[in-house]
Amino acid sequence: MDWPHDPDGEQGSEGMRKFDMRIIADKVDEQEDFPLDRDEFVEEHGDDPIRINHQKVVAMRDIFEYIDEEEFETILDMHKAVGKAMRAGDFWDYHPKGANPEKKHA
């Protein structure tokens, strides 16, 4: 896929040192951006690559398809929604209490 920037560059995983939620969180300023409108955020960053693990990169909008909240009051609210979405969308291979608790590929 043609990404708007390198999935492993400075705006991405920084050479696979950051993954999924951390990459998303780096796109916001905790003090200035909240409350945060989900649709505006996806409009601005939806095509950005999010590295899930060493093999898998998805567009941020793919994760946010599983988020029902229209607005996040705090960054903690956003983290909770993104985590829930990543579990619902089966983005993570590791499921300590999820769909397949026997999978432990972390």
Please list, chain by chain and in numerical order, all residues satisfying side chain to side chain donor-acceptor pair (under 3.5 Å) with Arg22, sequence neighbours excluded.
-> Asp26
Atom pair CG/CH2 of Asp8 and Trp3 - distance to nearest 0.5 Å | 11.0 Å
Judged by atom type as modelled, is there a donor-acceptor pair below 3.5 Å linking the side chain of Asp77 to the main-chain atoms of Thr74?
-> yes
Please set out all donor-acceptor pairs under 3.5 angstrom arising from side-chain atoms of residues 55-72, sequence neighbours excluded.
residue: Arg61; atom: NE; partner: Asp47; partner atom: OD1; Å: 3.1
residue: Arg61; atom: NH2; partner: Asp47; partner atom: OD1; Å: 3.4

In terms of heavy-atom contacts, His79 and Ala25 come closest through CE1-CB, 3.6 Å
For the pair Asp48 and Lys27, find out whether any cationic side-chain nitrogen is under 4.0 Å from an anionic carboxylate oxygen.
-> yes
Does Asp33 reach the main-chain N or O of Leu36 with its side chain, forming a donor-acceptor pair under 3.5 Å?
-> no
Side chains of His45 and Ile24 in contact at under 4.5 Å (non-hydrogen atoms) = no
Quick one: closest heavy-atom pair of Pro49 and Pro4, and the distance?
-> CD-CD, 4.2 Å
Minimal heavy-atom distance between Glu73 and Phe34, with the atoms involved, is O-CB, 3.4 Å
Given Ile52 and Met86, is the side chain to side chain contact (heavy atoms under 4.5 Å, CB included) satisfied, shown in steps?
-> CA-CA 10 Å; Ile52 304 298; Met86 293 190 75; 3.4 Å; yes
Would you check if there is a donor-acceptor pair between the side chains of Asp20 and Trp92 at a distance under 3.5 Å?
-> yes
To the nearest 0.5 Å, what is the distance between CG (Asn53) and CZ (Arg51)?
-> 7.5 Å
CD1 on Ile75 to CD on Glu30, rounded to 0.5 Å | 5.0 Å
